[in-house]
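Note that these values count all heavy atoms, side chains included, but never hydrogens, waters or copies made by symmetry.
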Amino acid sequence: MERNDAAHPLTTIEVTVMTETTQRRNTAGRQDGAPSQGGRGAPGTRGNTAIADTVVAKIAGMAAREIPEVHSLGGSMTRAFGAVRQRVPGGGSGVTQGVKVEVGERQAAVDLDVVIEYGAAIVDTAADVRTNVVNAVERMTGLEVVEVNIAVDDVHLPDEEDESEEQEGRRVS
């Protein structure tokens, strides 16, 4: 018996559409095309991830400190409070000293207060800091960094001693 496909075009189209729809539903969320478990999507896409401001601040602070020309972060008062805080048990390490962040669902903005070593090209150092902070935050968090504002608060001179180094050199205070 010879079948005339022209007589049944809707049946053929319906079967094709059903097959494509079924394949799309079964492979939702999978890059390898394998069926997902119960149509829920890949395990990495189930649920939400929230990143705290302090996490982004720590990443930004560490990334800024990786630049050799950055002596420290924070203004003079912030550094003074940070030195006191480090001496108090449980006071923290001060990684976020001089770092302020705003974190949204998909974006982050970073403000840094830095002290640059004397002799460093400030504009070049700021560009290096900005690049390093953007790369580190985006790589580790997946957030888009929309801006990194840098305020150069001071220049560290070679003959200046840090307050912390000065305190360590004393036997009594």
Side-chain angles (χ1 to χ4, degrees), residues 27-33 36 40-170 173:
T27 61
R30 296 293 299 259
Q31 292 179 358
D32 60 2
S36 62
R40 294 180 291 188
T45 62
R46 298 179 198 162
N48 296 321
T49 303
I51 300 172
D53 291 9
T54 55
V55 172
V56 176
K58 284 181 179 182
I59 293 168
M62 291 299 293
R65 285 178 175 86
E66 289 175 355
I67 304 303
E69 296 85 3
V70 173
H71 177 72
S72 62
L73 296 179
S76 58
M77 288 302 291
T78 305
R79 290 194 315 270
F81 285 127
V84 171
R85 187 178 64 233
Q86 286 179 352
R87 287 175 173 43
V88 175
S93 63
V95 175
T96 60
Q97 175 180 304
V99 182
K100 295 178 196 139
V101 298
E102 292 180 35
V103 179
E105 289 182 25
R106 289 181 226 113
Q107 296 178 325
V110 180
D111 295 327
L112 299 170
D113 293 325
V114 299
V115 178
I116 304 288
E117 292 290 349
Y118 176 78
I122 294 174
V123 173
D124 294 341
T125 301
D128 292 346
V129 169
R130 193 171 283 113
T131 300
N132 208 39
V133 168
V134 168
N135 290 340
V137 171
E138 288 184 349
R139 179 176 51 84
M140 291 186 208
T141 67
L143 296 169
E144 175 192 7
V145 179
V146 293
E147 64 182 9
V148 177
N149 298 313
I150 300 172
V152 179
D153 290 330
D154 201 358
V155 174
H156 178 256
L157 301 175
D159 59 342
E160 288 180 338
E161 286 188 44
D162 288 335
E163 291 178 20
S164 59
E165 292 172 2
E166 195 175 286
Q167 290 290 334
E168 288 175 9
R170 295 183 187 168
S173 54

Please name all residues satisfying side-chain hydrogen bond (donor to acceptor under 3.5 Å, both in side chains) with Asn135, sequence neighbours left out, ordered by chain then number. none
Less than 4.5 Å apart, side chain to side chain, heavy atoms only: is that true for Lys100 and Asp113? yes
Within the distance-only criterion (no hydrogens, no angle test), does the side chain of [X] pair as donor or acceptor with the backbone N or O of [Y] below 3.5 angstrom?
X      : Y      : result
Asn149 : Asp111 : no
Glu69  : Ala121 : no
Glu147 : Ala109 : no

As an exercise, state the distance from [atom1] of [X] to [atom2] of [Y], rounded to the nearest 0.5 Å.
X      : Y      : atom1 : atom2 : answer
Met62  : Leu73  : CE    : CG    : 10.5 Å
Ile51  : Met140 : CD1   : CE    : 11.5 Å
Ile150 : Asp128 : CD1   : CG    : 9.5 Å
Leu157 : His71  : CG    : NE2   : 10.0 Å

Minimum heavy-atom separation for [X] to [Y], with atom names?
X      : Y      : result
Thr141 : Val137 : OG1-O, 2.5 Å
Thr96  : Thr54  : CG2-O, 4.3 Å
Ala57  : Val99  : O-CG1, 3.7 Å
Val133 : Leu112 : CG2-CD1, 4.0 Å
Gly74  : Val115 : O-CG2, 3.7 Å
Arg130 : Val148 : NE-O, 2.9 Å

Please determine whether the number of non-hydrogen atoms from other residues, nucleotides or ligands lying under 6.0 Å from atom CG of Asn48 exceeds 12.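 For Asn48, atom CG is not crowded (no more than 12 foreign heavy atoms under 6.0 Å).
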Is it the case that atom CD in Glu144 sees more than 12 heavy atoms from other parts of the structure closer than 6.0 Å? yes
